[in-house]
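Written below as structure tokens is the structure these notes are about.
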Amino acid sequence: IFWQLLIFSLPFIIYIHSLKNNFMFGDDETIILNNVFLKNWKYFPKFFTENFFAGSGTLTDFWRPLQLIIYSLIAHTAGIKPWAFHLSSILFHSLCGVFIFIIFYKLMYKNAKPAIIALMVLIWSVHPNHTEDLAGVSGLGSPSYLFWMLLGLFSFLIFEEKKKWYFYIICLTSFIFALFSKESAVIFPGLLLGMHITAIKTGLFHKISIKDYLYRHFVFWLVALFYIIARLTFLNFSNTLNFYNQSNIFTQNLHYRLFTLFTVFTHGLRIIIFPCGINPERSWLVFTSFFSLNVVLSFLILAIISTVAIISWRKNPIFSFGIFWFFFSYLPMSNIVAQINAVVCDHWFYAPSVGIFLSITSLFLLIKNNLYQKVLLVFLGVVIMAFSIRTFSLLPHWNNSESYFRFVLAREPYSVRGWNNLAMCLSDRGEANDAIQCYLRAIKLSDVYAQTHNNLANEYLNLKRYDLAEKE
């Protein structure tokens, strides 16, 4: 109980500072501020029939009714206040940490050392890479879908242990709630099957026949299949499999996407283990040749990790399952089947990172020497402190739109969107001359957005520079 309370409480202590962060341009406006669905329960049926942004008159292929329900509950109880939306994300994140600890502990029951497992989960809980999902107002998607998946995995473990069918119903319901929270939850049946096989391999449960596997898991795959069909048909609001809505070298060439994915995976491993240079709007090259140095090195690293995982299956199946979790849970964001709205985002590794922490924890539990264990505990404590300080230092960057886009531009100086949005922030503050310079910078980088010229013209009009306004 002590460890679970600590795991639940520490994220609140770290992220309490983010409760004063404000709404920002972009998703906060579309999902919350301009969303009429949140203000009147008469729109409740539309949560399930319309796209996620429909309440603000915008089209997207996201479909997340449970997020809308939670946001509506917040709007009707606390009002449209940033702190209430932040609080919901932090609550789900803290609960995720608790369930990760319980699942880790159950899977590693033979060598379970609560202190090591708890400290590893604490490191995950305060990891700097989670800042984007928790410091922003509308970041509920990742912690909520992961929470429901973890509750489902936990319920299945209890079902297998006690053979009480209501735990199976909870597991299935949790999967459906996860799908209603974020599209990435479609991979849940694979994680559930992998965990079940791993639990049997470790001796947690008795061996069962293929028929019994089918009996337990078939319904989850059936739900996933129905969900996919629904998203490709009557819940396909624009183009579920291609957010770009136009052809380019990335969408037209599967092998380019695969080469690029190799580099994305190694990038994910790096920021999970060494979270330096966190970037919420990272640009990424599309690699068109396997023989690019980055692609070759990434492929070799991934091949080594995969080989070690396969070899380890016999003696350390937990390690193998953790690697499987990392790769498999990233599939919805991989751009292999569905081409989504970016090549990579750092926060996409929120759920996949659990697998890496599971694998590393399983290795640490192999340490038997008491002295080495004490040294390890001290080391993990230092990491928790360092990560907590780093995460706390990142929170002010999400305080408002201006601080956020200055943070982005410090890492992505060629971001047209960044310069345009910073200009809008400066314009709102009445700093027209500085706003004009930012608009000009955006146009110089890529003169393809008519809105930037329109915004620039308005700034010139405010300064009574009618000649320059007319040119725009």
More than 12 heavy atoms of other residues, nucleotides or ligands under 6.0 Å from [atom1] of [X]: yes or no?
X    : atom1 : value
F299 : CZ    : no
Y414 : OH    : no
F218 : CZ    : no

If only side-chain N and O atoms count, and only distance matters, is there a donor-acceptor pair under 3.5 Å linking [Y] with [X]?
X    : Y    : result
S283 : E412 : yes
T452 : N455 : no
S353 : W124 : yes
S56  : E29  : no

Side-chain touch [X]/[Y], heavy atoms, less than 4.5 angstrom:
X    : Y    : value
K20  : W83  : no
T131 : L395 : yes
H267 : V344 : yes
N248 : V286 : no
Y330 : L261 : yes
F23  : I32  : yes
P275 : I278 : yes
W348 : I340 : yes

Discussion item. Check this for me, if you would: do E183 and R64 make a salt bridge, where the nitrogen-to-carboxylate-oxygen distance has to be below 4.0 angstrom?
Written reply: yes
Worksheet item: Is R411 paired with E281 through a side-chain N to carboxylate O contact shorter than 4.0 Å?
Response: no
Aromatic plane relationship, [Y] with [X] - under 30° parallel, 30 to 60° tilted, over 60° perpendicular:
X    : Y    : value
F47  : F37  : tilted
F92  : W148 : tilted
Y168 : F220 : perpendicular
F12  : F8   : tilted

Please confirm whether the backbone N or O of [Y] pairs with a side-chain atom of [X], one donor and one acceptor, at under 3.5 Å?
X    : Y    : value
N35  : I31  : yes
S427 : M424 : no
N253 : I249 : yes
S298 : N294 : yes
N335 : A342 : yes
D61  : F237 : yes
S88  : F85  : yes

If you compare all heavy atoms of [X] against all heavy atoms of [Y], which two are closest, and at what distance to 0.1 Å?
X    : Y    : result
A84  : A78  : CB-CB, 3.7 Å
N22  : V137 : O-CG2, 3.5 Å
L380 : I116 : CD1-O, 4.2 Å
G141 : Q67  : CA-NE2, 3.2 Å
T391 : V126 : OG1-O, 2.6 Å
T260 : T263 : O-OG1, 2.6 Å

Worksheet item: Could you go step by step and tell me if F326 and F357 meet the ring pair (Phe, Tyr, Trp, His ring centres under 6.0 Å) rule?
Response: CA-CA 9 Å; F326 171 73; F357 276 84; over 10 Å; no
Practice prompt. Might you work through the side-chain contact (heavy atoms from CB on, under 4.5 Å) test for F250 and R257, ending with a clear yes or no?
Written response: CA-CA 6 Å; F250 187 66; R257 301 201 299 274; 3.7 Å; yes
Item to complete: Show your reasoning for whether side-chain contact (heavy atoms from CB on, under 4.5 Å) applies to F259 and S292.
Response: CA-CA 9 Å; F259 299 156; S292 169; over 6 Å; no
Discussion item. As a test of understanding, state which of S89, S138, P280, S142 forms a side-chain contact (heavy atoms from CB on, under 4.5 Å) with D133.
Written reply: S142
Worksheet item: Which is it for F101 and W3 under the ring pair (Phe, Tyr, Trp, His ring centres under 6.0 Å) test, yes or no, and what are the steps along the way?
Response: CA-CA 9 Å; F101 172 78; W3 289 117; 7.5 Å; no
Worksheet entry | F327 vs F265, ring pair (Phe, Tyr, Trp, His ring centres under 6.0 Å): CA-CA, chis, key distance, verdict | CA-CA 8 Å; F327 287 122; F265 272 136; 4.9 Å; yes
Practice prompt. Start with the C-alpha gap between S18 and N21, add the side-chain angles, then the distance that decides, and say whether side chain to side chain donor-acceptor pair (under 3.5 Å) holds.
Written response: CA-CA 5 Å; S18 71; N21 286 359; 5.1 Å; no
Worksheet entry | Positive for ring pair (Phe, Tyr, Trp, His ring centres under 6.0 Å) with W63, one of F52, F234, F180 | F180
Item to complete: Could you walk me through whether H217 and F156 pass the ring pair (Phe, Tyr, Trp, His ring centres under 6.0 Å) test, one step at a time?
Response: CA-CA 10 Å; H217 292 272; F156 188 85; 5.3 Å; yes
Worksheet item: Given Y350, which of E132, H127, H93 fulfils the side-chain hydrogen bond (donor to acceptor under 3.5 Å, both in side chains) condition?
Response: H93
Item to complete: Show your reasoning for whether salt bridge (Lys or Arg N to Asp or Glu O under 4.0 Å) applies to E459 and R465.
Response: CA-CA 9 Å; E459 293 303 320; R465 300 293 302 274; over 6 Å; no
Worksheet item: W419 and Y439: aromatic ring centres closer than 6.0 Å?
Response: no
